[in-house]
Amino acid sequence: MKEKNRNSLITSLLLSWYEKEGRDLPWRETTDPYKIWISEIILQQTRVVQGRDYYFRFIERFPTVESLAAAKEDEVLKLWQGLGYYTRARNVHAAAKQVKSIFNGVFPSTYSNIISLRGVGEYTAAAVASIAFNEPYAVVDGNVFRVIARLFGISLSIHSSEGKKVIREIAQSLLDTQDPGRYNQAVMDFGALICTPAQPKCIACVLQDYCTAFAGNRVGELPVNDRKISIRNRYFHYFHILHNGSTFLQKRNGSDIWKNLFEFPLIETTLPSDFTELEKREPFRKLFAGISTFSVDHRLAIKHQLTHQAIHTHFYRIIIPDEIPFNPPKEIFRIDDEQLLEYPVSRLTHKYLETI
DNA sequence: AAGACGGGGAG
DNA sequence: CTCCCAGTCTT
């Protein structure tokens with residue numbers, strides 16, 4: 001019973017803190033489940049400041065789930081350009097079509113139906129179900145993990161299934177079932193503003209007296225994150241080809257990075273490579289088959305640092321004389337320069353386009 | 001259970 | 001440079 005009192009005290013302190021100090025976020029002004037869903041997808045692994053403008057643009061272009069379902073994937077990706085994790089854009093589009101075909105165009109109103117949508121996992125389903133439909137599901141995101149691990153002194157890794165299970169159970173036990181949506185947003189704001197990853201504001205914390213980590217001087221050690229990421233080096237050599245007043249693009253596919261985004265013809269190597277060395281490679285000969293004379297101009301070198309890979313990139317501008325016929329492999333298509341900006345591209349390719 | 005998936009900001 | 005952000009999906 002002591003435990004129960006402590007938990008309900010924590011919950012009410014969290015709620016009264018949120019009442020005074022909670023953030024003013026645009027998607028909190030709506031009760032439209034579609035818009036709340038979009039905001040939750042955009043905010044996956046993404047800071048509020050980074051996603052905010054994307055949310056406005058997305059909602060303006062696609063104000064309803066029907067409008068999104070009717071869109072072309074390229075346009076959805078174009079709106080997502082620069083935000084990262086492009087699977088979210090493809091999934092959100094696919095999910096809108098699911099809503100249309102499976103739920104008659106009406107956004108589903110229960111946790112189990114919401115989680116059946118593409119790209120919606122436990123977190124997003126709990127968030128939308130609680131905020132838009134008042135369903136009693138506690139969210140567990142990075143903030144919640146940190147807040148609960150510290151409050152309750154949980155030393156289990158946040159990547160272990162046991163750790164996830166324990167945190168999820170505590171989160172659910174803290175939930176205010178009268179207003180689950182408000183409670184969920186309160187914990188997340190608390191994690192984002194007070195119980196931050198680095199230099200948490202313990203001095204100003206209303207839960208200080210109830211925090212196991214604070215009492216044991218372990219705030220800096222929790223939550224336990226034993227993830228070790230290795231960074232892979234990759235070498236991309238892009239060719240901005242000019243021929244007869246047009247240029248050339250291709251679409252990325254497979255299960256690699258930037259799936260379904262566009263880019264210039266590319267040769268990837270596992271080791272650093274200069275142009276002279278590239279010319280000797282089979283992919284280069286295949287790309288420029290029959291082209292004996294062309295001019296080469298090294299335009300840009302960029303190291304693009306991502307979470308799991310470092311992409312060392314060179315952009316070359318290749319000018320092929322107009323009188324020489326150029327017939328690249330079929331996956332590479334010809335476009336006019338003015339059309340270049342209509343295609344969704346990675347941040348990396350966009351940086352190059354900004355220089356020309 | 002472990003990796004892959006982006007980009008940016010903070011320290 | 002490392003860490004991590006309103007996570008999800010694939011292997």
Side-chain angles (χ1 to χ4, degrees), chain A residues 22-23 25-28 36-55 77 80-92 94-95 114-132 137-147 157-165 168 171 181 183-193 195-200 220 223-232 234 252 254-261 302-311 344-351:
Chain A
R23 290 178 291 188
L25 300 175
W27 40 87
R28 287 184 178 161
I36 292 167
W37 168 57
I38 294 298
S39 76
E40 293 300 342
I41 302 294
I42 286 178
L43 266 33
Q44 285 171 6
Q45 298 291 285
T46 304
R47 291 166 205 280
V48 167
V49 285
Q50 193 186 354
R52 188 186 198 96
D53 289 344
Y54 281 87
Y55 170 78
L77 281 169
W80 215 269
Q81 178 176 297
L83 192 56
Y85 283 161
Y86 299 95
T87 302
R88 293 182 293 176
R90 289 184 275 110
N91 282 342
V92 96
I114 294 170
I115 205 172
S116 74
L117 299 174
R118 291 292 301 271
V120 175
E122 290 183 4
Y123 164 77
T124 305
V128 177
S130 66
I131 296 169
Y137 290 87
V139 297
V140 180
D141 73 333
N143 291 305
V144 175
F145 237 103
R146 190 170 55 252
V147 171
S157 164
I158 63 174
H159 294 108
S160 68
S161 46
E162 179 68 6
K164 288 177 191 165
K165 178 169 171 287
R168 201 177 299 132
Y183 166 80
N184 280 333
Q185 299 187 76
V187 206
M188 292 193 283
D189 269 18
F190 188 78
L193 299 176
C195 199
T196 51
Q199 273 117 48
V224 172
N225 179 358
D226 55 1
R227 174 188 62 158
K228 42 193 174 295
I229 57 160
S230 56
I231 296 180
R232 176 166 64 122
R234 304 175 74 177
R252 290 188 71 86
S255 57
D256 201 0
I257 190 174
W258 303 323
K259 182 179 175 183
N260 289 13
L261 269 60
I302 299 181
K303 181 185 173 191
H304 194 63
Q305 185 70 51
L306 298 174
T307 307
H308 332 264
Q309 42 189 301
I311 304 180
V345 299
S346 70
R347 186 77 190 85
L348 173 60
T349 297
H350 191 253
K351 280 181 189 167

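Throughout, a chain's letter reflects where its sequence line sits, starting with A, and its residues are numbered from 1.
Dashed line: the shortest gap from a side-chain N or O of Asn184(A) to OP1 or OP2 of dA6(C) is not under 4.0 Å. Here Gln45(A) reaches the OP1 or OP2 of dG7(C): one of its side-chain N or O atoms lies under 4.0 Å away. The phosphate of dG7(B) has OP1 or OP2 within less than 4.0 Å of a side-chain N or O from His304(A). For Trp80(A) and dC5(B), the shortest distance from a side-chain N or O to OP1 or OP2 is not below 4.0 Å. Listed pair Thr124(A) / dT8(C) meets the phosphate criterion, a side-chain N or O lying under 4.0 Å from OP1 or OP2. Neither OP1 nor OP2 of dT8(C) sits under 4.0 Å from any side-chain N or O of Lys164(A).
Under the side-chain contact (heavy atoms from CB on, under 4.5 Å) criterion, Ser160(A) pairs with Leu156(A), Ser157(A), Glu162(A), sequence neighbours left out. By the side-chain contact (heavy atoms from CB on, under 4.5 Å) test, His308(A) is found to be paired with no residue, residues two or more places apart in sequence or in another chain being considered. Partners of Arg252(A) according to the salt bridge (Lys or Arg N to Asp or Glu O under 4.0 Å) rule, which considers only residues two or more places apart in sequence or in another chain, are Asp256(A), Glu263(A). Under the ring pair (Phe, Tyr, Trp, His ring centres under 6.0 Å) criterion, Tyr137(A) pairs with Tyr111(A), sequence neighbours left out. By the ring pair (Phe, Tyr, Trp, His ring centres under 6.0 Å) test, Tyr55(A) pairs with Trp27(A), sequence neighbours left out.
Between the side chains of Asn91(A) and Arg88(A), no donor-acceptor pair of N or O atoms lies under 3.5 Å.
With dC4(C), dA6(C), dC5(B) as the candidates, the nucleotide lying closest to the side chain of His308(A) is dC5(B). The side chain of Pro197(A) has dC4(C) as its nearest neighbour among dG7(B), dC4(C), dA6(C). Looking at the side chain of Asn143(A), the nearest of the listed nucleotides dC5(B), dA6(C), dC5(C) is dA6(C). Checking dT8(C), dG6(B), dG8(B) against every side-chain atom of Ile257(A), the shortest atom distance belongs to dG6(B). Of the candidate nucleotides dG6(B), dA1(B), dG7(C), dA1(B) has the atom nearest to the side chain of Ser161(A). Nearest to the side-chain atoms of Gln305(A) among the listed nucleotides dA6(C), dC1(C), dG8(B) stands dC1(C). For Gln44(A), whose side chain is taken as the heavy atoms from C-beta onward, the closest listed nucleotide among dC4(C), dG7(C), dC5(B) is dG7(C).
Counting distance only, with no hydrogens placed and no angle test, the side-chain atoms of Tyr85(A) and the base atoms of dG6(B) include a donor-acceptor pair under 3.5 Å. For dA10(B), the base has no donor-acceptor partner in the side chain of Arg47(A) [N/O atoms by modelled type, under 3.5 angstrom]. The base of dG7(B) lies close enough to the side chain of Gln50(A) for a donor and an acceptor atom to sit less than 3.5 Å apart.
A donor-acceptor distance shorter than 3.5 angstrom exists from the side chain of Ser130(A) to the backbone of Ala127(A), with no hydrogens or angles considered.
In this structure, Arg52(A) places its CZ atom 19 Å from C1' of dG7(B), rounding to the nearest Å.
Here Leu83(A) lies in heavy-atom contact (under 4.0 Å) with a base. Note on Leu25(A): a base of the nucleic acid sits closer than 4.0 angstrom, heavy atoms only.
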Distances under 3.5 Å only, N/O to N/O: pair up the protein atoms with those of nucleotides 9-11 of chain C.
from, atom 1, to, atom 2, distance (Å)
dC9(C), OP1, Gly119(A), N, 2.6

